[in-house]
Amino acid sequence: PRVRDWYKESMKSNEAVWLPPYTFVAAGIPGITLSKRFFNLKNEPCVISMDVALSDLSLMTTKIDVSDNGKAFILSDSGKIIGLPKFDDTISEDSLLNYALSDINDFGQAEVVDAYHSWKEKGSGEGSFKFQSEGENYWAQFSPYKLGNLTFYTGVLTPEDDIIGPFKRTKNLILFGMIFIVIISIVLVQAFRVKRKSNVILSNQKEEIQKQKHLVDEKNREIIDSINYAKRIQTAILPPDDLLKESLPQSFVLYKPKDIVAGDFYWMSKHENDIFIAAADCTGHGVPGALVSVICNNSLNRAVNEFGLRNPGEVLDTARDLVIEEFEKSKEEVKDGMDIALCRISGRTIYYSGAHNPLWVIKKEAKDLVEIKANKQPIGKFDQPEPYTTHKLELKKGDVFYIFSDGYADQFGGEKGKKFKSANFKKLLISIQALEMEQQKTALDEAFEKWKEGYEQLDDVCVIGVRV
């Protein structure tokens, strides 16, 4: 893959790259590719990529009923057809997909070609307009759709007779773009619009719904497979269990993503006798949160490994600058980022800095808990940002400290369906502090599951405990 365009283009840029439509080398079918560069724990550049086949778009756009004779389609900014309009029923799906990526001027439907040229003559605007094709009046509209560095255009056209005829329909302009799943509601709406004229028609409807359901199930499986693969990639950038145990034998990490992939992540970096460890909570959860976590994880690696920073406050200052720099490449304002608690362990001396997420310390056999508060600003865009504060703590053998995201305390549950809250979380940690670290992890997990019984998990959960 290192000779392919998606790999070469991603290695040149720090942002996500959408490759213009082309024919996949292995599959031999047209499509587009999304790729993104990131750095692994060894600070080596790696590239993640995902392919989207144009056949999925065309199979959807050819079935859209704008009106009796209306059509919907998708074009690239160079005038290539990537989402085909409705064809004559006598043409098979395999045959019509041969038109994918053909030039609009070579397309065999005159009304589609004429709509495109009329739109160009009118300055390529977004409003509806009227045009003629082969003596018949039509109405059409083109709308841009931004996808990273690429721009696509959705086109909709319908004969004027369909709009003003005796059996007037509601004008349906369906906005659509690059999607990865065919929505089952389209099938249901189409099914309920068909009148029950006879048992034969009902039988045909059932058969069609079963086919569509099979298609949706297949697409769902493909999406889940892709997300599971993304989980493997996200797991690869997390510190391995054996490295954690080797570096911090008296420690645990309780990590419970809400979905298959997570916005929470934990991070570790070892430098001579110093060990950095962090619990981070990125904006969102699931796939969006996971994408933000890759950028935030990379910013920590660069701050420590590339810039050589060792002061936790300075590490967070630089990570914030790198995250803002990455998101400022977008034309739209992006305020995503992360909350984090970051510690550097030097023997029994702890250096801590945090963005919203505090550090909790329980002295050996103590009956209370010491909280070191974080700066009230995220790693990301923020009005009037200030440098992050670094706190130094001298601990004794047997003392324990904890860093975490807000997912544990914010979980709804119990008899009254309320949040667990920080106060109960503190009491729970104090009550289990004398246990071995693995036993503490088990106790925390069991208490969480018991509390949320009957309720959906609200957010990702990440709790780290270390005994010095």
Side-chain angles (χ1 to χ4, degrees), residues 20-23 29-32 53-147 150-179 182 186 189-190 193-194 208:
Y22 68 105
T23 300
I29 58 174
I32 57 177
L54 297 188
S55 58
D56 294 339
L57 284 177
S58 292
L59 287 175
M60 183 184 73
T61 53
T62 55
K63 291 179 172 63
I64 291 178
D65 289 330
V66 177
S67 65
D68 285 340
N69 300 290
K71 299 179 179 182
F73 49 93
I74 302 174
L75 300 176
S76 69
D77 58 357
S78 61
K80 301 288 186 181
I81 297 181
I82 61 175
L84 296 167
K86 190 188 321 181
F87 273 69
D88 189 284
D89 291 339
T90 60
I91 299 179
S92 67
E93 290 183 349
D94 290 338
S95 298
L96 68 86
L97 292 180
N98 291 329
Y99 287 92
L101 278 186
S102 63
D103 190 274
I104 185 69
N105 294 308
D106 300 329
F107 196 59
Q109 295 185 3
E111 63 272 26
V112 175
V113 178
D114 291 339
Y116 176 75
H117 287 297
S118 296
W119 174 59
K120 284 290 187 181
E121 291 172 2
K122 295 178 185 296
S124 304
E126 291 189 43
S128 300
F129 61 92
K130 184 178 180 180
F131 71 100
Q132 281 194 338
S133 179
E134 297 184 340
E136 187 174 359
N137 292 329
Y138 287 84
W139 283 88
Q141 179 172 332
F142 288 79
S143 300
Y145 184 85
K146 292 290 293 181
L147 191 63
L150 300 181
T151 301
F152 299 103
Y153 293 89
T154 60
V156 180
L157 65 85
T158 183
E160 192 173 65
D161 288 344
D162 283 6
I163 301 174
I164 62 175
F167 300 101
K168 181 179 179 182
R169 291 185 179 185
T170 300
K171 186 179 180 182
N172 295 318
L173 295 178
I174 302 177
L175 300 178
F176 54 91
M178 303 304 297
I179 57 176
V182 179
I186 293 175
V189 170
Q190 290 176 338
R193 286 172 57 188
V194 178
E208 182 62 23

Requested in this report: From the options Tyr116, Tyr138, Phe142, Trp139, select the one residue that forms a ring pair (Phe, Tyr, Trp, His ring centres under 6.0 Å) with Phe131.
Outcome: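 Among Tyr116, Tyr138, Phe142, Trp139, the one that satisfies the ring pair (Phe, Tyr, Trp, His ring centres under 6.0 Å) with Phe131 is Tyr138.
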
Query raised in the report: Given side chains that start at C-beta, do those of Phe152 and Pro144 come closer than 4.5 Å, heavy atoms only?
Result: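 Not touching, per the 4.5 Å side-chain cut-off.
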
First locate atom [atom1] of [X], then atom [atom2] of [Y], and finally report the distance between them rounded to the nearest 0.5 Å.
X: Leu157; Y: Gln141; atom1: CG; atom2: CD; answer: 11.5 Å
X: Ser118; Y: Lys130; atom1: OG; atom2: NZ; answer: 12.5 Å
X: Gln109; Y: Ile104; atom1: CD; atom2: CD1; answer: 9.0 Å
X: Asp103; Y: Ile81; atom1: CG; atom2: CD1; answer: 8.0 Å

Query raised in the report: With no hydrogens and no angle check, is any side-chain donor or acceptor of Asp68 less than 3.5 Å from a backbone partner on Asp162?
Result: no

Query raised in the report: If you look at every heavy atom in Ala115 and Ala140, which pair is closest and at what distance?
Result: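 Shortest heavy-atom contact: CB-CB, 4.4 Å.
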
Query raised in the report: Of all heavy-atom pairs between Glu134 and Asp114, which one has the smallest distance, and what is that distance?
Result: N-OD2, 4.4 Å

Query raised in the report: Looking at residues at least two apart in the chain, or sitting in another chain, which of them share a side chain to side chain donor-acceptor pair (under 3.5 Å) with Asp106?
Result: none

Query - Verdict with reasoning, Tyr153 to Ser143, per side chain to side chain contact (heavy atoms under 4.5 Å, CB included) - result: CA-CA 5 Å; Tyr153 293 89; Ser143 300; over 6 Å; no

